[in-house]
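In the text below, chain A, chain B and the rest are named by the order of the sequence lines, each starting its count at 1.
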Protein chains: 2
Amino acid sequence: MKKSKISHNVITRLPRYLRYLDELLRGGQHRISSSELGRIMGITASQIRQDFSCFGEFGQQGYGYTIELLKQEIEGILGIHRGRTAFIIGAGNLGRALIGNFPFEKNGFKLTGVFDRAGDVVGTDIGGLKVRHIDELETAVRDAAPDIAILTMPGGAANAMAGRLIDAGLPGIWNFTNVDLKIAGTDVIVQNVHFSDSLQTLSYYLERAKAGPEDED
Amino acid sequence: MKKSKISHNVITRLPRYLRYLDELLRGGQHRISSSELGRIMGITASQIRQDFSCFGEFGQQGYGYTIELLKQEIEGILGIHRGRTAFIIGAGNLGRALIGNFPFEKNGFKLTGVFDRAGDVVGTDIGGLKVRHIDELETAVRDAAPDIAILTMPGGAANAMAGRLIDAGLPGIWNFTNVDLKIAGTDVIVQNVHFSDSLQTLSYYLERAKAGPEDED
DNA sequence: TAGATTGTTAATCGATTAACAATC
DNA sequence: TAGATTGTTAATCGATTAACAATC
């Protein structure tokens with residue numbers, strides 16, 4: 001039975017399920033039970049069944065789950081086949097790293113714009129996209145209507161940039177800067193990748209290596 | 001009163017507290033109450049006081065918290081002044097982005113080695129560090145005894161690399177590859193930065209923009 | 001002192017785990 | 001059919017919030 005309000009914890013486990021299902025498929029496996037998947041992933045079979053049951057009934061009693069079908073269902077829930085588009089704001093090292101190495105297509109996204117404010121990169125070609133000047137941003141957002149902007153510029157400019165993007169009607173932001181965007185009162189969706197937070201968390205567990213958990217996200 | 005077992009949720013909030021305290025200090029503020037901090041951060045004052053009370057008594061009744069002191073306490077808990085060292089494994093775009101832009105020092109880390117397997121980058125200088133060949137890794141880990149290795153190489157090689165590092169006695173791994181490292185049976189500490197998971201979570205909330213929460217990590 | 005705010009205990013809420021009838 | 005495994009309800013566990021005495 002589908003649930004109306006789905007917890008954030010459940011949502012963040014979905015991409016992880018997807019990774020494991022992918023790996024099983026690559027290993028030639030086509031069917032799995034919640035207990036086997038739980039054993040592999042280090043979580044309980046109960047949790048897996050509860051999680052899936054938020055969205056529908058994807059298994060078969062006495063059989064388990066067909067991996068291909070389950071994967072498709074989860075991809076559907078995450079909206080991976082929506083053909084979304086993204087702008088990258090900031091063509092520095094991090095922006096280039098994403099453009100060059102991140103599998104946007106596999107995640108249902110297509111890069112359709114790269115912007116920077118530095119005169120020397122504007123006009124150059126990175127990964128098949130011509131870098132445009134940041135002054136063209138608002139026009140471009142209104143014209144191309146990307147689903148998200150990826151903030152890979154210095155943190156100092158992040159909030160001003162977010163404001164411009166939101167004003168131009170952008171629905172989502174993938175934030176790689178080390179600041180929390182001030183978005184109260186807007187309905188933009190923000191997902192943060194805070195490197196510092198992650199490293200500091202690692203630092204904490206290093207300190208307490210004997211006592212704490214050994215693998216945390 | 002200090003608590004013996006501290007939940008992961010509490011730990012992951014500590015870096016976020018630190019960011020807000022920093023911002024307040026930069027704004028010239030020196031004192032704050034749990035209720036004011038809660039209002040700014042969008043959490044309850046109760047949660048803030050509960051979180052801090054896991055580690056000690058950092059405030060003063062009737063007054064609140066001295067921001068400088070509170071910040072120092074949290075930095076201490078996270079082990080930020082430990083003078084930790086790190087190797088980067090993979091001198092591609094992402095590795096260079098971290099070397100060039102990430103404030104390791106502010107997070108208590110110092111880069112002491114960069115490794116790659118590609119002949120053309122080995123021997124070159126990146127951010128003041130000479131890139132060494134991956135074959136020298138084990139020797140270097142034993143000699144320099146870094147606290148962590150930062151995996152910024154292709155995911156396909158991640159598990160083999162993690163195995164080598166663990167065998168050489170490395171305590172921690174900051175994993176930027178899109179795979180879950182198989183570390184069962186070891187006592188290495190792993191912290192993951194899974195870009196894909198983050199983007200897929202964003203994708204989910206874009207789909208359900210009207211109903212879901214608007215700012216999630 | 002009076003007002004404010006902490007640290008902590010108790011109450012509530014939500015998430016995870018266990019159990020089991022339904023059924024493939 | 002018998003065995004296996006789901007989806008779901010109930011029980012447990014843990015995390016968040018509320019309340020308040022202690023005290024600056």
Between D:dT5 (P) and A:R39 (CZ): distance, integer Å
11 Å
To the closest 0.5 Å, what do you measure between CD1 (A:I166) and CG (A:L181)?
7.5 Å
For Watson-Crick and G-U wobble pairs within 3.5 Å on both distances, what is DNA chain D written in dot-bracket notation, | included for inter-strand pairing?
..||||||||||||||||||||||
Side chains of A:E75 and A:L18, heavy atoms from C-beta outward: is any pair under 4.5 Å?
yes
Using a cut-off of 4.0 Å between protein heavy atoms and nucleotide atoms, how would you tag nucleotides 18-24 of chain D 5' to 3' with B, S and -?
BBB-BBB
Any chance you could lay out the salt bridge (charged side-chain N to carboxylate O under 4.0 Å, His left out) test for B:E207 and A:R84, step after step, and finish with the verdict?
CA-CA 11 Å; B:E207 193 91 1; A:R84 299 192 195 283; 2.5 Å; yes
Closest-nucleotide mapping onto DNA chain C: is B:A45 or A:Q47 further toward the 5' terminus? I mean the 5' end.
B:A45
Taking CD1 from A:I32 and P from D:dA4, how many angstroms apart are they, rounded to a whole number?
17 Å
B:R31 near the nucleic acid: base, sugar-phosphate alone, or nothing, with a heavy-atom cut-off under 4.0 Å?
nothing
I need the CZ-P distance between A:F58 and D:dT6, as an integer number of Å.
14 Å
d(CZ, A:R13; P, C:dT17) in whole Å:
8 Å
So A:F58 and A:F52, would you call those rings parallel, tilted or perpendicular, with 30° and 60° as cut-offs?
tilted
Can you check the B:N9 CG to D:dT16 C1' distance for me, whole Å?
10 Å
Which part of the nucleic acid, if any, lies within contact of A:F52, taking any heavy atom under 4.0 Å across all strands shown: a base, the sugar-phosphate backbone alone, or nothing?
nothing
Should B:I150 and B:F104 count as side-chain neighbours, where that means a heavy-atom distance under 4.5 Å?
yes
Distance check needed: C:dT16 P versus B:H8 NE2, whole Å only.
13 Å
Tell me what B:S35 touches on the nucleic acid: a base, only sugar-phosphate, or nothing, going by heavy atoms under 4.0 Å.
nothing
Nearest whole Å is fine: how far is D:dG7 P from A:E73 CD?
11 Å
Other residues, nucleotides, ligands: >12 heavy atoms within 6.0 Å of B:R164 CZ:
yes
Supply the atom-to-atom distance B:H81 NE2 to A:S203 OG, rounded to the nearest 0.5 angstrom.
10.0 Å
Can you give me the closest heavy-atom contact between A:I74 and A:Y17, atom names plus distance?
CD1-CB, 3.9 Å
Can a donor-acceptor pair be found between the side chains of B:H8 and A:Y205 at a distance below 3.5 Å?
yes
Can you identify which nucleotide, out of D:dT16, C:dT8, D:dT6, has its nearest atom closest to the B:S53 side chain?
C:dT8
Separation of A:Y65 atom OH from D:dA4 atom P, in whole Å?
17 Å
